[in-house]
> 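Got a structure here, written out as structure tokens. Questions coming.
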Amino acid sequence: MNETKIALVTGANQGIGYAIATGLAALGHRVAVGARDAGRRESAVEKLRAAGADAFGVPLDVTGDHSVANAAELIERKTGRLDVLVNNAGISGQLGADWAQDPTTLDLDLVRTVVETNVIGVIRVTNAMLPLLQRSSSPRIVNISSSVGSVTLQADPDIEIGPVMAAYAPSKSFLNAVTVQYARRFAGTNILINATCPGLVATTFTGFHGPRTPEQGAATAIRLATLPDDSPSGAFFNDEGIVPW
């Protein structure tokens with residue numbers, strides 16, 4: 001088997017996703033840049049290649065069955081397998097003042113849209129890529145979550161966890177629960193799947209508010225994508241260690 005590891009990062013055209021792609025490329029991975037927007041996707045690939053990375057673009061809309069199936073077929077044609085899947089693509093949904101999403105006035109279509117991308121999209125992509133991951137000697141799946149998805153932290157009145165976000169935060173709680181179910185399903189195998197919180201990173205996603213750089217936000221995801229075989233699966237991490245569910 002070719003020793004070069006193959007990684008797919010969804011939403012990799014900018015921000016944390018691009019930083020994860022850059023970091024994995026620096027470790028010798030061949031990186032598939034998954035993104036919906038063709039122009040931004042190819043721009044990201046060009047930047048990665050200019051920096052010496054082995055990268056190629058993958059048209060990928062995580063909310064579309066055909067798009068995801070086509071992405072899996074493209075990766076199979078190009079590489080024949082996948083070693084790392086980083087489910088980074090995500091949305092917050094429309095936010096009110098101070099980033100709030102009031103549960104008492106929440107548009108149900110907004111909730112559906114957020115869950116479609118942040119949860120169902122992850123399931124859709126993961127299941128489509130599983131046949132390729134199962135050809136790897138050490139497959140790794142990393143789901144980009146958030147500390148706002150921690151029910152423990154959200155429920156503690158003594159912890160400042162940010163505004164009420166009644167669509168986005170529960171979508172990340174849902175994603176965390178899905179991560180655990182995959183880990184249970186693949187317990188005893190070589191597939192390791194974990195979730196990570198990148199922290200508050202200054203990107204377009206946050207309106208460039210936040211104390212952390214994309215590279216700092218990407219660090220734990222890169223570590224989880226390259227875990228040795230005897231490492232944990234079904235856990236939730238940030239830079240400091242385990243995040244409570």
Side-chain angles (χ1 to χ4, degrees), residues 1-13 16-36 41-42 44-46 48-49 51-62 64-89 120-144 175 178-179 181-196 218 220-235:
M1 180 181 291
N2 187 329
E3 293 182 358
T4 300
K5 290 189 178 295
I6 313 299
L8 168 64
V9 183
T10 69
N13 58 293
I16 297 169
Y18 181 81
I20 293 170
T22 301
L24 290 173
L27 294 175
H29 289 61
R30 187 180 185 192
V31 179
V33 176
R36 291 181 299 178
R41 181 178 63 247
E42 294 314 310
V45 171
E46 288 174 8
L48 285 164
R49 289 176 175 169
D54 184 356
F56 62 95
V58 177
L60 180 56
D61 177 354
V62 303
D65 290 340
H66 292 300
S67 177
V68 172
N70 289 341
E73 290 174 6
L74 187 153
I75 293 170
E76 180 165 25
R77 289 197 307 270
K78 280 185 170 289
T79 69
R81 75 172 196 282
L82 192 62
D83 299 283
V84 173
L85 169 62
V86 181
N87 287 305
N88 168 74
I120 297 174
V122 170
I123 296 171
R124 181 181 286 115
V125 172
T126 300
N127 288 352
M129 300 301 162
L130 271 173
L132 296 172
L133 287 161
Q134 289 170 324
R135 297 175 190 171
S136 170
S137 60
S138 55
R140 303 291 179 260
I141 303 172
V142 182
N143 292 335
I144 305 302
L175 175 61
V178 166
T179 302
Q181 297 306 309
Y182 273 104
R184 292 182 64 204
R185 169 63 177 79
F186 291 108
T189 75
N190 61 354
I191 297 178
L192 303 183
I193 177 167
N194 292 288
T196 179
T220 300
I222 293 167
R223 181 178 69 81
L224 295 176
T226 55
L227 287 174
D229 289 340
D230 58 349
S231 298
S233 185

> Please list every donor-acceptor pair under 3.5 Å in which a side-chain atom of residues 65-75 meets a protein atom from a residue at least two apart or in another chain.
unit_1	atom_1	unit_2	atom_2	d
Asp65	OD1	Arg124	NE	2.6
Ser67	OG	Asp61	N	2.7
Asn70	ND2	His66	O	3.2

> What are the two closest heavy atoms between Asn190 and Arg140, and how far apart are they?
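That closest heavy-atom pairing would be O-NH1, 3.0 Å.
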> Who are the side-chain contact (heavy atoms from CB on, under 4.5 Å) partners of Thr22, not counting sequence neighbours?
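In terms of side-chain contact (heavy atoms from CB on, under 4.5 Å), with neighbours along the sequence ignored, Thr22 is linked to Tyr18, Leu48.
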> Within the distance-only criterion (no hydrogens, no angle test), does the side chain of Asn13 pair as donor or acceptor with the backbone N or O of Ala44 below 3.5 angstrom?
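No, because the side chain of Asn13 does not come within donor-acceptor range (under 3.5 Å) of the backbone of Ala44.
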> Looking at every non-hydrogen atom in both residues, tell me the closest pair between Val33 and Ala12 and how far apart they are.
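Residues Val33 and Ala12, closest heavy atoms: CG1-CB, 3.7 Å.
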> Would the number of heavy atoms belonging to other residues, nucleotides or ligands and lying under 6.0 Å from CZ of Arg185 be above 12?
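Open: at most 12 neighbouring heavy atoms sit under 6.0 Å from CZ of Arg185.
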> Quick one: are Leu224 and Val86 in side-chain contact, heavy atoms under 4.5 Å?
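SC-SC contact between Leu224 and Val86 ruled out.
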> What I want to check is whether the side chains of Ser138 and Lys5 have a donor and an acceptor closer together than 3.5 Å.
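A donor-acceptor contact under 3.5 Å links the two side chains.
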> Among Val142, Thr179, Leu85, which one satisfies side chain to side chain contact (heavy atoms under 4.5 Å, CB included) with Ile193?
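Answer to the side chain to side chain contact (heavy atoms under 4.5 Å, CB included) test with Ile193 among Val142, Thr179, Leu85: Thr179.
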> Is there a donor-acceptor pair closer than 3.5 Å between any side-chain N or O of Asn88 and the backbone N or O of Ile16?
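Pair absent, no side-chain N/O of Asn88 close to backbone of Ile16.
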> Could you tell me the separation between the OG atom of Ser231 and the CZ atom of Arg223, rounded to the nearest 0.5 Å?
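One finds 8.0 Å between OG of Ser231 and CZ of Arg223.
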> Does Glu46 have any side-chain contact (heavy atoms from CB on, under 4.5 Å) partners at least two apart in sequence or in another chain, and if so, which?
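Expected list: none.
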> Once rounded to the nearest 0.5 Å, what's the spacing between atom CG of Asp229 and atom OG1 of Thr189?
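The OG1 atom of Thr189 is 10.5 Å from CG of Asp229, to the nearest 0.5 Å.
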> Of all the heavy-atom pairs spanning Ser137 and Pro139, show the shortest one and how long it is.
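Looks like C-CD, 3.7 Å.
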> Please check if the side chain of Thr10 supplies one atom and the backbone of Asn87 the other of a donor-acceptor pair under 3.5 Å.
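Here the side-chain-to-backbone pair does not exist.
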> At their closest point, which heavy atom of Val62 faces which heavy atom of Ala89, and how far apart are they?
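The pair with the smallest heavy-atom distance is CG1-CB, 4.1 Å.
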> How many angstroms lie between atom OG1 of Thr196 and atom CG of Asn143, to the nearest 0.5 angstrom?
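Between atom OG1 of Thr196 and atom CG of Asn143 there are 10.0 Å.
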> Does the Arg41 side chain pair with the main chain of Gly57, one donor and one acceptor, at a distance under 3.5 Å?
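The answer is no, because no donor-acceptor pair under 3.5 Å joins these two groups.
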> Of all residues at least two apart in sequence or in a different chain, which pass the side-chain contact (heavy atoms from CB on, under 4.5 Å) check with Glu42?
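Partners of Glu42 by the side-chain contact (heavy atoms from CB on, under 4.5 Å) criterion, ordered by chain and then number, come out as Val45.
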> Under the salt bridge (charged side-chain N to carboxylate O under 4.0 Å, His left out) rule, what pairs show up with a residue in residues 20-31, not counting sequence neighbours?
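Sorted result for residues 20-31: Arg30-Asp54.
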> Rounded at 0.5 Å granularity, tell me how far CD1 in Ile6 sits from CG in Leu82.
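The CG atom of Leu82 is 8.0 Å from CD1 of Ile6, to the nearest 0.5 Å.
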> Write down the atom of Phe186, the atom of Gln134, and the distance for their closest heavy-atom approach.
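Looking at all heavy atoms of both residues, the shortest contact is CE2-NE2, 3.8 Å.
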> Which residue is it: Val84, Ile144, Val31? I am looking for the one with a side chain to side chain contact (heavy atoms under 4.5 Å, CB included) to Ile20.
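Between Ile20 and the candidates, side chain to side chain contact (heavy atoms under 4.5 Å, CB included) is satisfied uniquely by Ile144.
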> What residues, two or more places apart in sequence or in another chain, satisfy side-chain contact (heavy atoms from CB on, under 4.5 Å) together with Asn127?
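If we apply the side-chain contact (heavy atoms from CB on, under 4.5 Å) test to Asn127, skipping adjacent residues, the hits are Ile123, Leu130, Tyr182.
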> Considering non-hydrogen atoms only, spot the tightest contact between Ala7 and His29 and give its length.
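Here Ala7 and His29 meet closest at CB-CD2, 4.1 Å.
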> Donor-acceptor check, side chain of Thr79 to backbone of Glu76, threshold 3.5 angstrom: yes or no?
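A pair under 3.5 Å: no.
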